[in-house]
Asks: 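My questions will all concern the structure given below.
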There are 2 protein chains.
Amino acid sequence: MKIKIERIEENFARVLEHSSLENGIQRFSYSVEDLAVRAILLEQLEELGLEIRLDGVGNLFASYNPLESNKRPILIGSHIDTVPDGGKFDGLTGVLCSLEVIQTMIDEQIQPQIPIVFVVFAEEEGSNFGTTMLGSKYWKGQLNEEDLNVLKNKDGRTALSVIQEAGFDPSNRECSFTSMNPAAMIELHVEQGGILEEKNLDIGVVTKIIGMNSYEITIHGTSNHAGSTPMHLRKDPLLPAAELILYVESLPNTYGSDLAVATVGKILAKPNGSNVISSEVSFTVDIRDTSKLGIESMSLALQRKVGELCKPKAFDYQIELVGKSDPVALSSSIIQVMESRLKLENIPYHKMPSGAVHDCAILADAIDVGMIFLPSKGGISHSPDEYTSMEAIEQGAQLLFDCVKELAG
Amino acid sequence: MKIKIERIEENFARVLEHSSLENGIQRFSYSVEDLAVRAILLEQLEELGLEIRLDGVGNLFASYNPLESNKRPILIGSHIDTVPDGGKFDGLTGVLCSLEVIQTMIDEQIQPQIPIVFVVFAEEEGSNFGTTMLGSKYWKGQLNEEDLNVLKNKDGRTALSVIQEAGFDPSNRECSFTSMNPAAMIELHVEQGGILEEKNLDIGVVTKIIGMNSYEITIHGTSNHAGSTPMHLRKDPLLPAAELILYVESLPNTYGSDLAVATVGKILAKPNGSNVISSEVSFTVDIRDTSKLGIESMSLALQRKVGELCKPKAFDYQIELVGKSDPVALSSSIIQVMESRLKLENIPYHKMPSGAVHDCAILADAIDVGMIFLPSKGGISHSPDEYTSMEAIEQGAQLLFDCVKELAG
């Protein structure tokens, strides 16, 4: 039983008709583009006769076979929202492959023992309110109405009011993680890194979601005129910041596992004038590893180094932990099912951690979770240039179908 | 004959009544605050019976003794505009001391042989249109109407239209440097550095305006997800940028004179997200020295280092020279007059270059120019925290008076 890649391709085309591609896609949750793509999906889900539900923030569930309390369903799906100037494949690939899995099941008149629930989580990228995986966190019960009333978009509007205006009622908890009581979720997603391409493979079997500590560091110096302040009278906070940027790059190799990464992605100097010595410099440090120990070792080394570098000239500084997530192990039984299918079909693959956090990771402390990765050309992600081949998508969708079929009996 | 510091203090108070002091002063040329301070000055200039002229961009001239073609005047003055979040002393100190010099001359019924022209140059700080010393450059003939039609403020409005709306006509060249044909200018200004404070002195005699090369460097890398991109597959442009920031700090000591300085004051990472490896990093390098050789040696070393650092990972880069001014020697005869006065009065002083460029430097290739510096507390400048004591201001104003009296015969 083969999934039909032509149908996935057609759906990509249909969705992208509603996306402004020039400077990348701006398909934020609750936007006009988001609504247009939801309409395309809903039309097909209705044609397939699925049982459709929307929860209080617009997470979309469509069940093949009715949800019954004694049959714990399997979730398949991902998200359709993008980052600003996003690409065509992040999120959408998993959604269209999951839809194809259900279409193939119906075509082939497969009657699973348990319901298969197609899911589209809202606001995964955090493009509206700065909080990633907002939809899955809400559904799981990690975010409530009050939290949504605190989060704001760029225009200063609360998440609560934007979501209510889109026609959803966050106080309505009828359709929750607890009430659906799923047994498992499998998410197919593009890798967003270059490992599979480097290994020339089309399939990644994800073993873990790596954990993260995210810091914001601010170093305070003394602003002054760049022309009239002699070098020996300066207290320029950009200098310890530059040393730290270089030190951060050395952290994974010294203190982390082979898979550890550390990044300074954001830097802001004040007042940021070409002829002014900075008064303060802020920058972020994003530290990730597959083990808690690795994350903690790198974090400690970072904190020690900030102190060391700021001491000689007595720079004031702050280190704030602004984000934290522990590494999550994915389901060994789902990994086993994936591996046996791949071996049976003689498809080479790579077992690997995910460096990014995904919707399914939010559920992984409570249910079995599996992830299939597809290669990202050049490792490029969150960019109009991201690309994943239809050949890889076909193999991924087929693996998803085979796993769901096996797990659903 | 003594200047009256109380009168200068009163004028400071009068001006600062019209300044919002909370987050620093925002007295940009052509703003409401600028007009209010001009009104205060004009009232006093009229009371003193001076001959007042405004040129095509609002530079203000007030002559004690009528301007006559056979008597080349001496200019004294500075500017009243501030940087964003500026302080109380930059510019304004020189303006109020110069006004006091003329008031004292009138009080003392001194009749100079040549006209003394009080001047307030417009738009010195470049706060509106990003071009510093716009007023003096226009007056000197270095900027014309066409240039003003290219320069734009933050709202996209041209300098030409803003200046016209303020009631000036840049095409009117009746009052120009050529027509006034001055013999000299003396500008009193706060040091904007910490040298006088370090030496515990109240007076600096400026010998040179140091020259500058200002660069904008952009390094292009590959943007990617900070979680899912292994360290060895990265091309992060922030890393060579950080090495260059540290290298720039070493340039003056290695290639410049004792007075050389080099600064990275502005840095912009794209897309500047905490979980994204940068696609490109731009930063400025401001290199200054008292000799052309020093500036050129540092500039060459910088360019060589950028190439060296970008080579291993084949980073693309651009180096653009965005600003350039040669070192300017100030008038040795004016310096001599200042020094003999200071020695006569037994006032300790320091001969020093100016690390910042000032309005008077624009005129220094054509006429005799002198500068008096007063100490900036903590070397702080372009900040609400800048401070110069009234004791220093009194000594500075007196020196200015004595020099003008001697030079004007």
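Convention: sequence-line order gives letters A, B, ...; per-chain numbering from 1. Heavy-atom basis, side chains included; hydrogens, waters and symmetry copies ignored.
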Asks: I'd like to verify something: which residue of Gly194(B), Ala356(B), Pro353(B) has the highest number of heavy-atom pairs under 4.5 Å with chain A?
Replies: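 If we count pairs closer than 4.5 Å to chain A, Ala356(B) comes out on top.
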
Asks: Using non-hydrogen atoms only, which part of Ala260(A) is less than 4.5 Å away from chain B: side chain, backbone, both, or neither?
Replies: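 For Ala260(A), the backbone is the part near chain B, not the side chain.
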
Asks: Using every non-hydrogen atom in the two residues, find where Asn224(B) and Gln192(A) come nearest and quote the distance to one decimal.
Replies: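 Asn224(B) and Gln192(A) have their closest heavy atoms at OD1-O, 4.2 Å.
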
Asks: If we ignore angles and hydrogens, is there a donor and acceptor under 3.5 Å between the side chains of Arg288(B) and Ser228(A)?
Replies: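 Checked: Arg288(B)/Ser228(A) side chains show no N/O donor-acceptor pair below 3.5 Å.
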
Asks: So which residue, Ala241(A), Ala262(A), Ser214(A), Ser278(A), ends up with the most heavy-atom pairs under 4.5 Å with chain B?
Replies: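 The residue among Ala241(A), Ala262(A), Ser214(A), Ser278(A) with the greatest pair count is Ala262(A).
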
Asks: Counting neighbours of NZ on Lys324(B) that are heavy atoms of other residues, nucleotides or ligands and sit closer than 6.0 Å, is the number greater than 12?
Replies: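 Atom NZ in Lys324(B) is packed in, count exceeds 12.
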
Asks: Can you tell me how far the NE2 atom of His225(B) sits from the NE2 atom of His382(A), to the nearest 0.5 Å?
Replies: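 Answer rounded to 0.5 Å: 5.0 Å.
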
Asks: Highest number of heavy-atom pairs under 4.5 Å with chain B: which of Glu386(A), Arg234(A), Glu216(A)?
Replies: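 If we count pairs closer than 4.5 Å to chain B, Arg234(A) comes out on top.
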
Asks: Name the region of Leu238(A), side chain, backbone, both or neither, that has any atom closer than 4.5 Å to a heavy atom of chain B.
Replies: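 Both parts, backbone and side chain.
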
Asks: Out of Thr284(A), Asn272(A), Asp286(A), return the one with the most heavy atom pairs under 4.5 angstrom to chain B.
Replies: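 Sorted descending by pairs with chain B, the first entry is Asn272(A).
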
Asks: With a 4.5 angstrom heavy-atom cut-off, which part of Ile195(B) approaches chain A: side chain, backbone, both or neither?
Replies: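 Contact with chain A involves both backbone and side-chain atoms of Ile195(B).
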
Asks: In terms of heavy-atom proximity below 4.5 Å to chain B, should Pro230(A) be classed as side chain, backbone, both, or neither?
Replies: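 The answer is both parts of Pro230(A).
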
Asks: Answer whether the closest heavy-atom distance between the side chains of Asn275(B) and Thr263(A) falls below 4.5 Å.
Replies: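 A side-chain contact under 4.5 Å is absent here.
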
Asks: Taking everything shown except Lys270(B) itself, do over 12 heavy atoms lie less than 6.0 Å from its NZ?
Replies: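 It does not: Lys270(B) NZ has 12 such atoms or fewer within range.
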
Asks: Given that the side chain runs from C-beta out, which part of Thr229(A) has a heavy atom under 4.5 Å from chain B: side chain, backbone, both or neither?
Replies: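 Both backbone and side chain of Thr229(A) come within 4.5 Å of chain B.
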
Asks: Against chain A, work out which of Thr222(B), Val83(B), Leu239(B), Val322(B) has the most heavy-atom pairs shorter than 4.5 Å and name it.
Replies: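 Maximum pair count with chain A is reached by Leu239(B).
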
Asks: What I'd like to find out is whether the side chain of Met231(B) reaches to under 4.5 Å of the side chain of Asn253(A), using heavy atoms alone.
Replies: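 Counting from C-beta outward, Met231(B) and Asn253(A) never come under 4.5 Å.
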
Asks: Does Ile380(B) form a side-chain contact (heavy atoms from CB on, under 4.5 Å) with Ser223(A)? I'd like the steps, not just the answer.
Replies: CA-CA 7 Å; Ile380(B) 295 167; Ser223(A) 184; over 6 Å; no

Asks: Decide if atom CG of Asp326(B) counts as having more than 12 heavy atoms of other residues, nucleotides or ligands within a radius under 6.0 Å.
Replies: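 Atom CG in Asp326(B) is packed in, count exceeds 12.
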
Asks: Mind ranking Ser381(B), Ala269(B), Ser274(B) by heavy-atom pairs under 4.5 Å with chain A and telling me who comes out on top?
Replies: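 Looking at each of Ser381(B), Ala269(B), Ser274(B) in turn, Ser274(B) comes out on top.
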
Asks: Who wins among Thr132(B), Asp385(B), Val276(B), Ile287(B) for the most heavy-atom pairs under 4.5 Å with chain A?
Replies: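 Ranked by contacts with chain A, first place is Val276(B).
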
Asks: Can you establish whether the number of heavy atoms outside Lys305(A) located under 6.0 Å from its atom NZ is more than 12?
Replies: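 Correct, the count exceeds 12.
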
Asks: Given side chains that start at C-beta, do those of Leu268(A) and Ile267(B) come closer than 4.5 Å, heavy atoms only?
Replies: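 In short, these two side chains do not touch, never coming nearer than 4.5 Å.
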
Asks: Distance check, rounded to the nearest 0.5 Å: Ile245(A) atom CD1 versus Asp236(B) atom CG?
Replies: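 Those atoms lie 9.0 Å apart.
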
Asks: Report, as yes or no, whether the 6.0 Å neighbourhood of atom CG on Asp258(A) holds more than 12 heavy atoms from other residues, nucleotides or ligands.
Replies: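 Check fails, neighbour count at 12 or below.
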
Asks: Side chain, backbone, both or neither: which part of Ile210(B) has a heavy atom under 4.5 Å from chain A?
Replies: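 Contact with chain A is through the side chain of Ile210(B) alone.
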
Asks: Is chain B contacted by the side chain of Ser383(A), its backbone, both, or neither, given a heavy-atom distance below 4.5 Å?
Replies: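 Neither the backbone nor the side chain of Ser383(A) comes within 4.5 Å of chain B.
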
Asks: Are more than 12 heavy atoms, taken from residues, nucleotides or ligands other than Lys235(B), located less than 6.0 Å from that residue's NZ atom?
Replies: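 Enclosed: over 12 neighbouring heavy atoms sit under 6.0 Å from NZ of Lys235(B).
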
Asks: Take a 6.0 Å sphere around NZ of Lys313(A) and say whether it holds more than 12 heavy atoms from other residues, nucleotides or ligands.
Replies: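 Yes, enclosed.
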
Asks: Gly193(A), Pro84(A), Gly265(A): which one forms the most heavy-atom pairs within less than 4.5 Å of chain B?
Replies: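 Going by pairs under 4.5 Å, I would pick Gly265(A).
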
Asks: How about His232(A) and Glu198(B): does a side-chain donor come under 3.5 Å of a side-chain acceptor?
Replies: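 Per modelled atom types, His232(A) and Glu198(B) side chains form a pair under 3.5 Å.
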
